[in-house]
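FYI, the numbering just counts along the sequence from 1.
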Amino acid sequence: MSGHAALRLAGRAALERAWQAIDRFAFAPASAAPLAALRIGLASVLLLQAAMVAPVFLDLYGRSGFLQGPLNDMMARSHLLRVGWLIDGLAPLGIGEAALLRGTGALYALALVALLLGWRARAAAAMAWLTHLILMMAAESTSYGADSYAHIFLFYLLWMPSGAALSLDRWLDRAPVAPPATTRLSLRVVQVHLCISYLASGLHKASGEQWWNGEAIWRSVMLPEYRQVDFSWLAHDPWIPTVAGWLVILVEAGYALFIWPRRSRRIWVAATVALHVGIAIFMGLVVFGALMAVLTIAAFGVSAEPRGSVALGAHP
C-alpha cells in the first residue's frame, strides 16, 4: 500500500472516530431526569420569586407604581414588547391596567405550577416564557441576572423533553416510556451554556484587580443594598476577603474544566452550590442564588444514565 493511500485511510479512520465521539457526546441515549430536575427546580424558584413579589405586584409592574410609565418606557433597553401597548389596545374593551396585570400574573403563576407538575410541560413552558417576557418588559429597569437566566432556560424548556420524567404527562401516559432521542442533546445545551457563562464570568473577574485583592468581596458584603450581616470586622483580617476572591475566580474559571471529569465533578458541583448559597445568605440575592444552584445541580448533579440511579457523580 502506498504512503498516500495509507494516509487517506488513517485520515478516514480519524474522522470516523471523531464522529463517533461527537455522536456519543450529543446523541447517546439518556435519562430525562436531569431535564425534569431543571423543570421542577426552575419552576419552584420562580414560584418563590412570584410569592416574594406578590405583595408589591402592582407597585412594581404598574405604570403608576414605583417607576412611572413614561419614565419606565424611557429607561427601557428594548422595544420588543410594552405593557403600555396592551393597555392601550385593550382599553376599548373595558380591560384596565390592573386587571391586565393581575391576569398576566395569574397566567404566569398557573403556567409555573403546570410546569412544576409536568402537565403539558412544553405548553406550560411556552406560557411561562411569554408571560415572564411581558412582566420583564413591564419592569425592565428592575430586571437583573436572575430574570435573564430564568428567561433563557424557560425558552430552552419549550424545546426540551422535560416532561418525559417525574411529570403528570408521564403518569398520564402522554409522554413516551423511552426518553426521546433529543434528550442527551438537550442536556448538552444546558451544560455547555453553563460552562460558557461561568468561564466568561471567571475570566472577567480575573482580568481586574478587585477580585485578586479582596475589594470585590468587601464591597459585596458591605454595600448597603446587599449587606445582610455585619462584616466590618473583615477590615482587621484583609486576607479573608482576598482568599475568598481567589476562590470565586477558581470556582468560576475552573467550572468548564473540572465539572466534566467524574473525579472532580462532585467537588465542583458542591463548590458552585456553596458559592451561590453564600450569595443568597450574605448578599440577600435569594432568587439568583437558588436559581444558579438549581441549574448546576440539574445539569451536572443528576445522572443522565438511562438505567442508572439519579445520583451525584454519575456520567453527566
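When side chains are defined from C-beta on, Trp260 counts as touching Cys195, because their heavy atoms get closer than 4.5 Å. Side-chain contact between Leu115 and Leu46 is absent, with no heavy atoms from C-beta onward closer than 4.5 Å. Here the side chains of Pro161 and Leu35 are in contact, with some heavy-atom distance below 4.5 Å.
A distance of 7.5 Å separates OH of Tyr149 from CG of Leu194, quoted to the nearest 0.5 Å. To the nearest 0.5 angstrom, Asp147 atom CG is 9.0 Å from Leu291 atom CG. The distance from atom CG of Leu166 to atom CD1 of Ile40, rounded to the nearest 0.5 Å, is 5.0 Å. A distance of 11.0 Å separates CZ in Phe27 from CZ in Arg188, rounded to the nearest 0.5 Å.
Counting only distance, with no hydrogens or angles, the side chain of Gln191 and the backbone of Ala299 share a donor-acceptor pair below 3.5 Å. Judged by distance alone, with hydrogens and angles left aside, the side-chain atoms of Ser264 form a donor-acceptor pair with the main-chain N or O of Phe258 at under 3.5 Å. In this structure a side-chain-to-backbone donor-acceptor pair under 3.5 Å is missing from Arg184 to Ala26.
Here the shortest heavy-atom pairing between Arg122 and Met160 reads NE-O, 3.4 Å.
Between Phe155 and Trp159, the two ring planes are perpendicular [angle over 60°; tilted spans 30° to 60°]. Note: Phe288 and His276 have perpendicular aromatic rings, judged against thresholds of 30 and 60 degrees for the angle between ring planes. Taking the six-membered ring where the residue is Trp, His132 and His151 present parallel rings, their angle staying beneath 30° rather than reaching 60°.
Residues Val251 and Ile196 are members of separate hydrophobic clusters, defined by side-chain heavy-atom contacts under 4.5 angstrom among Ile, Leu, Val, Met, Phe, Trp and Tyr.
Environment of CD in Glu209: sparse, with no more than 12 heavy atoms of neighbouring residues, nucleotides or ligands closer than 6.0 Å.
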